Number of protein chains: 2
Amino acid sequence: MSDAPVTLSQVAREAGVSLATASRAINGSATRSVRQDLRERVLETARRLDYSPDPSAQAMARGRTSALGLVVHDIADPYFSTIAAGVTRAAEREGLIVTLASTEQRRDREVAFVELARRQRSRAIILAGSRLVPPEDLPGTIPAEAVTQMESDAKALESALTSFREGGGGVATIGQGVGDLPVVEIDNASGAGALARALHDLGYRRFGVLTGPLGLRTAADRTTGFLDTLGALGCPALDRDVVHGNFTRDGGYAAMTDLLTRTGTATAEPRPDRPEVVFAVNDVMAVGAMAAVRDAGLRVPDDVAVAGFDDIHTLRDVSPGLTTVRIPLDEVSEAATMLALGAEASGTVVQGEVVLRDSTPRRQSPARS
Amino acid sequence: MSDAPVTLSQVAREAGVSLATASRAINGSATRSVRQDLRERVLETARRLDYSPDPSAQAMARGRTSALGLVVHDIADPYFSTIAAGVTRAAEREGLIVTLASTEQRRDREVAFVELARRQRSRAIILAGSRLVPPEDLPGTIPAEAVTQMESDAKALESALTSFREGGGGVATIGQGVGDLPVVEIDNASGAGALARALHDLGYRRFGVLTGPLGLRTAADRTTGFLDTLGALGCPALDRDVVHGNFTRDGGYAAMTDLLTRTGTATAEPRPDRPEVVFAVNDVMAVGAMAAVRDAGLRVPDDVAVAGFDDIHTLRDVSPGLTTVRIPLDEVSEAATMLALGAEASGTVVQGEVVLRDSTPRRQSPARS
DNA sequence: CTGTTAGCGCTTTCAT
DNA sequence: ATGAAAGCGCTAACAG
């Protein structure tokens, strides 16, 4: 009971075979095979002695661990914890240990973790959370030095990732890629477009958008997809009604508060200049936005309707039910895991599906457009 | 750029010292010290070469990794992801890597993970999630074989944990202990008692309880604390109004549905036999319960008031706001991490604090009791 | 098919 | 204070 861990050589000795044979019997070496009876004897002894291999030793000998790194921005955020659930499930199935890094949005921590993974020779890394948009696509409004900073951050991450891969590690990103790394892509633009169309069909004509930070690719794509479709539908959103916030619950709260303030606060009577419906680019922001609406003394959806994106399961019980675009995060994260582990990239672009709920009821008297 | 990882001996050679010296310079060996100038030369070379140690090799040589294991039931559950956030934060601060296991409630996976941690010589393990109550405290209604099963499960876990500790690993549990392992204890009974009193003060007289599975310690303590206080207050809950469910959102939903059914479903008019307020033993269940109330065509709190326990931050935006008992999970999980790492157990029993919100408004016309 | 023998990268006696 | 050398537990050539 108080035994120091049993080693392979103990098993070998006990079974009366050489260390090498024991090793081969146990892990079933690719090149060499072991005689039936010997293998059984070894296996039996191993079981009897309650042997299990030392991962560090194996890692060292093989030059490769059985660890899978998962990088998220904030594990407490339900979007990321949902992903973590999918990844751990898949990893477990593959016999891998998952090591978790919650970077709290700090780019340097992300890079440090990737570097650690390389040293540690992790099998693969999954990167969740939005990457930055390429600088050339950024709106001109961003200060040049901020752009420079972003570029160097992105550069650092990309080069860390590159050397990780050169060392034989697998990588996959969720959402959209870094450079041309493998990615389980989510078609944010068309999902958001479909949502815009659906809301328009419900009779909404005045739209607002709560978007993420400038430069966050996912946020940008969703916003663009939404706005473009609105334009095509002939009822573009006012610039004034597109407001930026952090990609978090608090960001959504702040952005909605801001939006409401711009259009005149806390007025229950329908104001002609207030958007009828506001699209928050993710569910977590949407929930914050709903709270802001309530705190302003208004009601969802009577005064302002709200829609989100992702369909986070943990948030299914908010009330009124949140209209959103469903992304099958479980599948996405399992797919990403397999992809990082070397599965074929079967042209993975995940499409979302619009889910209409009570936060965006049909407009009673659709405005003529 | 495409370099194989730099090794310590490369650094040593480059700096013109022996391997041993380089090692001592870099990690600052306890027993031996290194001459100032040599140390600096080594450190400088290491930096220049971008050296960083191979964790597996260190683990092997030292007989100890720098990994911290975290075991949760379900990482997608906001209760556990909140804990995970606290643990990763603390671990990061201590320079430790966290390896995550989401056991999906399966006891054997828990045991397997602990065993793995032992082989891998993890520094410590944090166990979140409720342990089983000791069999002798179980209500007699449980089938003997189930009790036996529980006992053997508990035994297996405890013995795995024991050998882990004998191997030098640290352990801490969150919530309540396994055996007499270090624990950051949450005073569930008195928190629930305080809640009962608060609700009683608000004028509630007919109480229901949605409790977790029989045998789950946390659930049992909260239930007992609540019920006992109610008894002391002179308005005990009916047995019929105490219903069991899983410790999850769906469990809360099912239990509430069950409760509502027993007392006559979907009747908006106040039924004298329906509890005025229902205490779900955790927030996640409470949220499910609220959904069940709505799906039954009733309203919270008008038809049934609801209270939970934990005050999960992610759930703060449910509406109406959920009355609950606030547990500072961030602090709890950081404390647990430090405890597992060997900090003094400063008599850690965390007290919860009742937080009253809109899900349990003051009763208009308090029933005379 | 099996056994012998080098290491993997690092820490740590043990000499010097 | 420094260096040489012996492992840690396991795998993978390399012989037999």
Side-chain angles (χ1 to χ4, degrees), chain A residues 3-43 45-46 49-67 116 118-122 167-168, chain B residues 3-43 45-46 49-67 116 118-122 167-168:
Chain A
D3 36 15
V6 181
T7 69
L8 221 209
S9 51
Q10 292 177 45
V11 174
R13 188 171 341 114
E14 192 73 19
V17 299
S18 76
L19 218 204
T21 302
S23 169
R24 297 195 270 250
I26 286 182
N27 76 13
S29 156
T31 43
R32 270 67 184 45
S33 80
V34 177
R35 216 173 52 211
Q36 183 70 8
D37 59 324
L38 274 192
R39 160 158 49 271
E40 277 166 9
R41 195 157 78 222
V42 172
L43 259 24
T45 327
L49 263 39
D50 192 29
Y51 165 80
S52 84
D54 177 330
S56 303
Q58 289 186 310
M60 187 120 139
R62 297 211 258 244
R64 144 149 317 219
T65 35
S66 55
L116 177 66
R118 179 171 76 103
R119 293 298 316 186
Q120 199 208 54
R121 315 212 99 145
S122 290
Chain B
D3 36 15
V6 181
T7 70
L8 220 211
S9 50
Q10 291 177 44
V11 173
R13 189 170 342 113
E14 190 78 13
V17 299
S18 76
L19 183 55
T21 303
S23 171
R24 297 195 269 250
I26 286 182
N27 78 11
S29 155
T31 43
R32 270 66 183 43
S33 79
V34 175
R35 218 173 50 211
Q36 181 72 9
D37 59 324
L38 274 195
R39 165 166 33 275
E40 276 167 10
R41 196 157 77 219
V42 171
L43 259 24
T45 327
L49 263 37
D50 192 28
Y51 166 79
S52 85
D54 176 329
S56 303
Q58 287 186 312
M60 187 124 125
R62 300 210 255 243
R64 154 129 319 197
T65 35
S66 55
L116 176 67
R118 178 172 75 104
R119 293 299 315 186
Q120 199 211 55
R121 317 213 98 146
S122 291

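Everything numeric here is computed off the predicted structure, so don't read it as measured data. Numbered from 1 within each chain, the chains take letters A, B, ... in sequence-line order.
- In this entry the distance linking CD of B:Gln36 with C1' of D:dT2 reads 16 Å, nearest Å.
- Which of D:dG9, C:dG3, D:dG3 sits closest to the side chain of A:Thr21 comes down to C:dG3.
- OP1 or OP2 of D:dC10 has not a single side-chain nitrogen or oxygen of A:Asn27 nearer than 4.0 Å.
- Within residues 9-19 of chain B, the residues approaching DNA chain C are B:Leu19, by heavy-atom distance under 4.0 Å.
- Side-chain N/O atoms of A:Thr7 include none lying less than 4.0 angstrom from OP1 or OP2 on D:dG9.
- Rounding to whole angstrom units, CG of residue B:Leu8 and P of D:dT2 are separated by 16 Å.
- For A:Ala20, counting side-chain heavy atoms from C-beta on, the closest listed nucleotide (C:dC10, D:dT11, C:dG3) is C:dG3.
- Each of C:dG3, C:dT2, C:dC10 was ranked by its minimum atom distance to the side chain of A:Leu38; first place goes to C:dT2.
- The distance from the CD1 atom of B:Ile26 to the CG atom of B:Leu8 is 5.0 Å, given to the nearest 0.5 Å.
- Residue A:Arg119 has its side chain nearest to C:dC10 when only D:dC10, C:dC10, D:dG3 are considered.
- Here D:dC10 presents its P atom at 9 Å from CE of B:Met60, a figure rounded to the nearest Å.
- D:dC10 atom P lies 11 Å from atom CZ of B:Arg121, rounded to whole Å.
- The separation between B:Arg39 atom CZ and D:dA1 atom P is 10 Å, rounded to whole Å.
- Contact check for A:Ser56 versus B:Thr65: side-chain heavy atoms found under the 4.5 Å cut-off.
- Distance B:Arg41 CZ to D:dT2 C1': 12 Å, rounded to the nearest Å.
- When side chains are defined from C-beta on, B:Arg119 does not count as touching A:Pro53, because their heavy atoms never get closer than 4.5 Å.
- At D:dA1, none of the side-chain N or O atoms of B:Arg35 fall inside 4.0 Å of OP1 or OP2 (strictly under the cut-off).
- The shortest side-chain heavy-atom distance between A:Asp54 and A:Pro5 does not fall under the 4.5 Å cut-off.
- Distances from the side chain of A:Arg62 to the nucleotides C:dC8, C:dC10, D:dT11 place D:dT11 closest.
- B:Glu14 is not listed as a side-chain neighbour of B:Val6, based on a closest heavy-atom distance of 4.5 Å or more.
- Taking only side-chain nitrogens and oxygens, A:Gln58 never comes nearer than 4.0 Å to OP1 or OP2 of D:dG9.
- Rounding to the nearest 0.5 Å places CG of A:Leu19 at 8.0 Å from OG1 of A:Thr7.
- Looking at B:Thr45, its side chain does come within 3.5 Å of a backbone N or O of B:Arg41 through a donor-acceptor pair.
- Considering only the side chain of B:Arg24, D:dT2 comes nearest among C:dT11, C:dG3, D:dT2.
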